[in-house]
Amino acid sequence: MEQLIEELKIKIIETLGLIQLSPDKLDPDSQLVGGEMGIDSIDVLELVMMIERDYAVQIDSRELGEKVFATLRSLAQFIHENRPR
Amino acid sequence: MRVFITGTGIISPLGNGKALTAEAVKSGVSGITPLTLFKTPSAPLPVGEISFTHDDSVPRTHSLALAAALQATAGLEGPLDAVVIGTTTGGMAVSEELIRRADFNPARYLLHSAGSVSEYVAGRLNCRGPVITVCTACSSGSVAVKIALELLRSGKGRTVLAGGADCLCRLTYHGFNSLQLIDPEGARPFDINRKGMSVAEAAAMVVLSAADGTPRGAACELLEVGLSCDAYHPSAPHPEGRGAFEAMQSALAGAGVSPKQIDFVHLHGTGTIDNDLSEAKALKKIFPAGAPSVSSTKGAFGHSLAASGVAGLIVTSMAMEEGFVPATRCAAPDPKLEIVPENRVIHKKVRAALTNSFGFGGNNASILSADLSAGISGLPQTKHPARTYPSAFSVIAASCSTGAGNKAKTMESIYAGKPCAGTRDIAEMSAGIPPPAARRLKRLARMTLGLAIDAVNDALRGERPGSVYFGTAWGAMSETYGFLSGLFKSQERFASPTDFIGSVHNAPAGHVASWFQATGPNITVSGGDCSFEQALYTAGLIAGDGDTLLVIGADEHHEPLSGAFDRSIGPWPADGGGALLLRKSGTVPAFPRIRVPFLRFCPENAKGDIPGLIAALGGVDVIRELFGAVLASVPACSRETGRGVVSAFMGASGLAVPVIDLREIFGQFATASAPAVAAATEFVARGELPPMGGDGLKQLHGRGILVIGTGNYLSAVEVLPPGGA
């Protein structure tokens, strides 16, 4: 899990062009969307695409997205539980 | 003077022609079926697809647009004075296949541009008046109707064709899907179980005629079109429906009609969670005592993007003529919306109605139309605001971006006798935009927002724009290419939602509006080498007296798309733009003045239009008195013709002043005239012409500069010194 979280930090920064942010500034338990990093609904959709592409995990509705993208940890948890083995 | 709809043309999933469409609308059938037009890797989503074999020598959108235009103009006796058509993707259905194959041969992209749709229609209908292409995403067609209405009010014509057209293509099909905005069961507007829209194709056109009394064959009267901008978000509507409310309010106020007199609202009603919520809130504010009959036909037509507003207007006019309100595909109304649309066809007299249309970038329009008998049943006759035509603006401030840099650096370069063509570093271009705001903006959006910020910062008295007019020939090529190359690389499995939202031509102007909270009209137009002039011309038609507005023209250089799209791009890449902060209030003595007295579509030989140009400028004596120099925009792809037109004008007007090909200074790109006009306002304010094209510094002796555009259009922009009347 911790390794997946670290990996996601880098992918999120890269996918969303958050160049001013360093991975250690991303707290796994802070609010991910609408928080200090300025991640909004469009970014969430961009991350949905990245997650489907890189982890083969689909997040195909807004209701599900709201739960999954609560924090970095909840996102990692969801990917961990749903990725094909 | 009043304006009437005297011709309609529509081709949609519900049928070809007004009669079949009316029959389908009244029987409440839906035209939404799974996509068959092109193959997709996963199960085809429901769309509004037209069963139509198009002439494949032109893109499908062009073919649909012409079919609707021919229907609308079938009974037309006199000439067509102007054509104003909205489209979002132009020839993209063909271009995206070429891009997939990495075929960048410019000969194959001749009908790629958004502007080519109205140019193709105008050419086929022999219209040589003003031709304008509107790109305000899903509200494009309705905004085109507003521009056409103001063209008529200004006296620039008696008969104008207006409408919208878009065909299904991969860009929009996958784009809306990447935003999770597609309802897998087809659009169910205002339904509690709604999950989104159904992308569709259509072309819908109306002929608008100016008349004092009701003309023969009129379908209804067009009273007003209200425009607004959310200035909130690139794709999501304002959560409280602020912009939707303002558009409806502006239409009602402009015509002096009270909400109580409205019998029907044709909703934008796409079926997305957010649109329907926002539109319902706006309706509750407009109609606090309870809404009249409301309905959305997007469960039947699907959402035909640029065509949808005018398709809605045509349904509304049928409702008035035949006395019914169409049905909404809404089995279980969402109680949260507190607005219940009609879910079956009801028979009812409709005397006055609003037709809503909202687009990405928060570009909103609401059309107010009235039944022909409405005049005698208590509605006021059209009372449009008193306004000065043709419109002169005071130039409060100007900015430009060129290969040399910002305006100061561009001026330095020009005064040193050096050209400033080139491509500017993106970081320098967006120096005024904080990194979090710039994060998602690619080259054109950054350039445009940077230009707007520079122009507003240049204003001495802190004036801020309330509305934004933007001209671009090619739009956001970086986002378009990013989206399509990602899509094709993944065998159409993954598409970037950020690039999709950014790919619409009006995205840059939407960012400008959000930055400045400019909630007035926000109009993006596209007309090849005449794009900036079209924006300035449109501003002259729409801006109200006393308004402060931004007019911007910009195009980006992109490898490989620029060379494929624009036949004037040579081996030396150049891009850039210009922005003008303008005030419309007669004139302010301290500032230079600007005006577009002439803009005409003339694709073959513009020499025949020179007498008209001279007359529009006030005749040869006025021309010789007013202008101390001519800047001519001569696109490289038609250099000989363009130069011929300019020298014929000089000969016919007897104007003996320096003539400079502005593209030799600013570079070969479609909106090169935008930085040139921005620079010209500075030259005129200083009263001198700097050394350009080998000549030394010359005095203007109190005269102005005439900027002539050649190519597919002939246009004239006057830049006059401060102090005149």
Side-chain angles (χ1 to χ4, degrees), chain A residues 7-27 30-70 72 74-75 78-79 82-84, chain B residues 41-42 45 174-184 193-196 232-237 239 272-274 277 360 426-427 430 433-442 445-446 478-479 482-483 486-487 489-503 507 510-511 514:
Chain A
E7 189 179 290
L8 280 171
K9 284 181 179 176
I10 292 163
K11 282 181 188 270
I12 289 172
I13 288 171
E14 194 186 278
T15 306
L16 305 183
L18 296 162
I19 41 168
Q20 76 282 19
L21 204 69
S22 73
D24 54 318
K25 290 270 165 29
L26 266 168
D27 174 8
S30 298
Q31 181 188 352
L32 188 59
V33 181
E36 283 175 9
M37 289 166 293
I39 295 179
D40 68 6
S41 58
I42 302 175
D43 294 321
V44 168
L45 292 168
E46 202 67 41
L47 295 177
V48 164
M49 182 185 80
M50 180 273 286
I51 290 157
E52 191 177 343
R53 187 188 61 209
D54 293 0
Y55 300 100
V57 172
Q58 276 196 356
I59 305 164
D60 56 6
S61 78
R62 181 143 84 175
E63 298 77 56
L64 179 62
E66 274 167 18
K67 274 184 232 148
V68 172
F69 286 97
L72 189 52
S74 64
L75 176 62
F78 185 80
I79 294 173
N82 290 282
R83 65 196 294 188
Chain B
S42 44
L45 293 164
H174 292 291
F176 283 106
N177 195 27
S178 77
L179 294 173
Q180 300 189 343
L181 288 180
I182 304 294
D183 191 326
N193 297 312
R194 72 188 186 281
K195 292 197 167 62
Y232 168 71
H233 188 273
S235 60
T272 66
I273 304 279
D274 290 340
L277 191 58
F360 274 6
I426 188 164
S430 47
I433 311 170
R439 169 168 71 90
R440 280 200 298 240
L441 308 184
K442 292 187 177 176
R446 285 203 196 197
S478 297
E479 287 85 345
F483 181 89
L487 183 70
K489 213 164 73 185
S490 67
Q491 279 74 46
E492 299 191 33
R493 286 170 59 235
F494 304 113
S496 161
T498 312
D499 277 342
F500 176 61
I501 292 166
S503 74
H511 293 300
S514 292

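Letters A, B, ... are given to chains in the order of the sequence lines, protein chains preceding strands, and every chain is numbered from 1. None of the values given here were measured: they were computed from a predicted structure.
- To the nearest 0.5 Å, the span separating OG on B:Ser490 from CZ on A:Arg53 amounts to 8.5 Å.
- Looking at A:Leu21, there are no atoms closer than 4.5 Å to chain B (heavy atoms on both sides), in backbone or side chain.
- For the residue pair B:Gln180 and A:Ser61, no side-chain donor N or O sits within less than 3.5 Å of a side-chain acceptor on the partner.
- With rounding to the nearest 0.5 angstrom, the OG atom of A:Ser41 is 8.0 Å from the CG atom of B:Asp274.
- Other residues, nucleotides and ligands place more than 12 heavy atoms under 6.0 Å from the CG atom of A:Leu64.
- Using a 4.5 Å heavy-atom cutoff, the side chains of A:Gln20 and B:Pro436 are in contact.
- Using a 4.5 Å cut-off between heavy atoms, A:Val48 touches chain B through its side chain atoms alone.
- Contact of A:Leu47 with chain B is not made at all, since no heavy-atom distance falls under 4.5 Å.
- By number of non-hydrogen pairs under 4.5 angstrom with chain B, the leading residue of A:Ile19, A:Ile42, A:Asp60, A:Leu16 is A:Ile42.
- When side chains are defined from C-beta on, B:Ser496 counts as touching A:Met49, because their heavy atoms get closer than 4.5 Å.
- Using a 4.5 Å cut-off between heavy atoms, A:Leu18 contacts chain B through both its backbone and its side chain.
- Looking at A:Asp40 and B:Arg440, a side-chain N of the basic residue comes within less than 4.0 Å of a carboxylate O on the acidic one, giving a salt bridge.
- Atom CZ of B:Arg493 is surrounded by 12 or fewer heavy atoms from other residues, nucleotides or ligands within 6.0 Å.
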**Report entry** Stepwise side chain to side chain contact (heavy atoms under 4.5 Å, CB included) test for B:Ser178 and A:Leu45
**Finding:** CA-CA 7 Å; B:Ser178 77; A:Leu45 292 168; over 6 Å; no
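- For the residue pair A:Glu46 and B:Pro497, the shortest heavy atom distance occurs at OE1-CD, 3.3 Å.
- Residue B:Ala495 touches chain A through its backbone alone, counting heavy-atom pairs closer than 4.5 Å.
- Here the CZ-OG1 distance, from A:Arg62 to B:Thr272, works out to 8.5 Å after rounding to the nearest 0.5 Å.
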